[in-house]
S.K.: 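Input: one structure, supplied below.
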Amino acid sequence: MDASEFRVGAAVAVAEGTTALTDREKHLIGLAVTLTRGCQACTGRRLRVAQDAGIPYAALVAAIDLSAAVNAGVTLRTAIEGATQAGIGGPCTGPECVVGVGAHGDPSRHRTQG
């Protein structure tokens, strides 16, 4: 099979052509997606292309750390919500029950049911 046989290539080209995001933002979002999807070849390519585009190593490390932290938070929320739906354990009342960037300690953020 060749990637050109699939229509998704055209969708990717359109998405990558957006002017609403900077090239730096596109690189870092692409990296975050490949990291969380577990594609080692894709991640290696994204890292190389991002570095070649001038994104500093420290920024790549920070993006990897943030991606890992967000992914861990999703795992935690998935477990908590699954347990809640199954009637296992008590309600979620800690800061990890608040969803959103910067949500910890911010009462204006959405608190999940639990």
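Residues take their numbers from the sequence shown, with the count starting at 1.
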S.K.: Side chain of E5, backbone of D2: donor and acceptor closer than 3.5 Å?
M.R.: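 Yes; judged by distance alone, with no hydrogens or angles, the pair exists.
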S.K.: Just one of L60, L47, V49, L31 clears the side-chain contact (heavy atoms from CB on, under 4.5 Å) bar with I55, so which one?
M.R.: L60
S.K.: Is there a side-chain contact between R48 and Q51 in this structure, where contact means two heavy atoms from C-beta onward sitting under 4.5 Å apart?
M.R.: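 A side-chain contact exists here, since the closest heavy-atom pair is under 4.5 Å.
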S.K.: Can you confirm whether I80 sits close enough to R77 that some side-chain heavy atom of one is under 4.5 Å from a side-chain heavy atom of the other?
M.R.: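 Yes; the side chains approach each other to less than 4.5 Å.
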S.K.: CG of L35 to CD1 of I64: how many Å apart, nearest 0.5 Å?
M.R.: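 Reported value, rounded in 0.5 Å steps: 5.5 Å.
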S.K.: Restricting to non-hydrogen atoms, name the atom on R24 and the atom on P56 that form the minimum distance, rounded to 0.1 Å.
M.R.: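 Looking at all heavy atoms of both residues, the closest pair is NH1-CD, 3.8 Å.
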S.K.: Side chain to side chain contact (heavy atoms under 4.5 Å, CB included) for K26 and D23? Distances and angles first, verdict last.
M.R.: CA-CA 5 Å; K26 292 175 194 176; D23 285 344; 3.9 Å; yes
S.K.: I need the L21 CG to E16 CD distance, nearest 0.5 Å.
M.R.: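 L21 atom CG to E16 atom CD measures 11.0 Å (nearest 0.5 Å).
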S.K.: Should we say atom CD of Q40 is surrounded by more than 12 heavy atoms from elsewhere, each under 6.0 Å from it?
M.R.: no
S.K.: Is there a donor-acceptor contact under 3.5 Å from the side chain of T18 to the main chain of V14?
M.R.: no
